[in-house]
Amino acid sequence: MSVMRKVLLAMSTSPFLREQATQRAFVRKSVSAFMPGEKIEDAVQAAATLKPHGITTILTRLGEGVTKLDEAERVTQHYLDVLDQVKAAGLEAQISVKPTQLGLDLDAAQCQRNLDRICEKAGRLGNVPVWIDMENSPYVEPTLALYRASKARYQGVGIAIQAYLYRTAKDVESLIPLGPAIRIVKGAYLEPPEVAYPKKSDVDENFFTLCCRLLKEDAQKAGVLLHIATHDPSLTDRLLKHIDTFKVPPSAYEFAMLYGIQRNQQLRLAQSGRPIRVLISYGDYWFPWYMRRLAERPANITFVLKNLFGG
Ligand SMILES: Cc1cc2nc3c(=O)[nH]c(=O)nc-3n(C[C@H](O)[C@H](O)[C@H](O)COP(=O)(O)OP(=O)(O)OC[C@H]3O[C@@H](n4cnc5c(N)ncnc54)[C@H](O)[C@@H]3O)c2cc1C
């Protein structure tokens, strides 16, 4: 892992820097490259703009680690309202939630109830799956437990799984019989070498292997829907070749990218008839998330600097 990536990921957890950065106009301007705005209306509008291009969406309100249960309740209520707004706007926009946003740190049972309320309503409105983001490694086990419990009650729930963790191949095997929607991501947090591959090339290879596993016929028969969540053009090309060689039907997978990243690639995939979904983030708690995006591509720091100097 590069030193720059480590530094940026360490900075992402600093409340002091968050406080400072969110007050700086040039940082706010830079964030807008990856986020259409702080309000849900901005995200809905962005989703509507992508729709004519054949790009579907996922909406997520930024925020993690709420410290009071009534905050978790507000977040839950917010997502319940978002489901109505999406329906009213006639969009195909799913939602994605973070367990610590729904109160996982405070009361796991209440977090489960919050998640279940969202899954119940999404199922009733036919807007599924509800995606569960994966946070840093201490949350993997409780997040899998939340997922399994919700999946037993509501079919329409999906989970993000991180290719950088050694444990992930085993987790994937144990999930396949459930016929899950699985989003394979590389992993966005600073993890120790005891739990995660330190070398990027190993993470990339594991990402490819996991995706191929989830595209196999037995996984498809079990009902797996794979989200290939990466902006990495070489992995995307390798997986497209694999999909074509093994004649994997488009119902078995979707590519997934973040708003504002690799826009041309998003459009190319849509134009060539590949299912592609863009995750749109919104909300005012964007600092840790933004720092994780910079860590993925330190070259994006030039955006910040350009804005700082009026570019
Ligand atoms: C839809 C979606 C959902 C996600 N959900 C989660 C989650 O729940 N939990 C989690 O831990 N992580 C999540 N992530 C983040 C993920 O783990 C990675 O940190 C992130 O996607 C970067 O990895 P990558 O494979 O896209 O590209 P990298 O391996 O970082 O980079 C490979 C190449 O991709 C391109 N690229 C990557 N980032 C950028 C950028 N910012 N701007 C321009 N080009 C870029 C460049 O060509 C780069 O060389 C999610 C990502 C996506 C797309």
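For ligands, and for the atoms within them, numbers begin at 1 and follow the listed sequence. In this chain, residues are counted from 1 in sequence order.
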If you measure from atom 25 (O) of ligand 1 to every heavy atom of Leu165, Thr230, Ile58, which option wins on shortest distance?
Thr230

Nearest non-hydrogen contact to atom 33 (C) of ligand 1 from the set Asp232, Val185, Val97 belongs to Asp232

Can you name the side chain to side chain donor-acceptor pair (under 3.5 Å) partners of Tyr282, sequence neighbours left out?
His78

Contacting atoms of ligand 1, where contact means under 4.0 angstrom from a heavy atom of Ala160:
8 (O)

Should we count NZ of Lys216 as having more than 12 external heavy atoms under 6.0 Å?
no

Is the contact between Tyr189 and ligand 1 made by the side chain, the backbone, both, or neither, using heavy atoms and a 4.0 Å cut-off?
side chain

Return yes if a side-chain donor-acceptor contact under 3.5 Å exists between Thr236 and Arg268, otherwise no.
no

Does Arg183 approach ligand 1 within less than 4.0 angstrom via side chain, backbone, both or neither, non-hydrogen atoms only?
side chain

Within reach of ligand 1, part of Ala256 (heavy-atom separation under 4.0 Å):
both

Between Asp232 and Arg238, is the closest basic N to carboxylate O distance under 4.0 Å?
no

Angle between ring planes, Phe246 versus His242, binned at 30° and 60°: parallel, tilted or perpendicular?
tilted

Counting heavy atoms only, which of Leu258, Ile261, Val278 comes nearest to atom 51 (C) of ligand 1?
Leu258

Qualifying residue for salt bridge (Lys or Arg N to Asp or Glu O under 4.0 Å) with Glu73, from Lys68, Arg113, Arg117
Arg117

Ligand 1 to Lys200, heavy atom cutoff 4.0 Å, flagged ligand atoms 28 (P), 29 (O)

Proximal atoms of ligand 1 relative to Asp133 (non-hydrogen, under 4.0 Å)
8 (O)

Under 3.5 Å side-chain donor-acceptor pair for Asp105 and Tyr139:
yes

Does His227 have a heavy atom less than 4.0 Å from any atom of ligand 1?
no

Who gets closest to atom 11 (O) of ligand 1 by heavy atom: Lys98, Met257, Gln162, Glu135?
Gln162

Check the side chains of Ser96 and Asp133 for a donor-acceptor pair under 3.5 angstrom, ignoring hydrogens and angles.
yes

Quick note on ligand 1: atoms under 4.0 Å from a heavy atom of Gly187 include exactly 11 (O), 16 (C), 17 (O), 19 (O)

Does Phe34 have its ring centroid less than 6.0 Å away from the ring centroid of Tyr259?
no

Nearest-option assignment for atom 35 (C) of ligand 1, heavy atoms, candidates Gln262, Arg263, Arg292
Gln262

If you measure every N/O of Phe34 against every N/O of ligand 1, is any gap under 3.5 Å?
no

Is there a donor-acceptor contact under 3.5 Å linking the side chains of Gln110 and Asn114?
yes

Counting heavy atoms only, which part of Ser96 comes closer than 4.0 Å to ligand 1: side chain, backbone, both or neither?
neither

List ligand 1 atoms under 4.0 Å from Met134, heavy atoms only on the residue side.
7 (C), 8 (O), 9 (N), 10 (C), 11 (O)

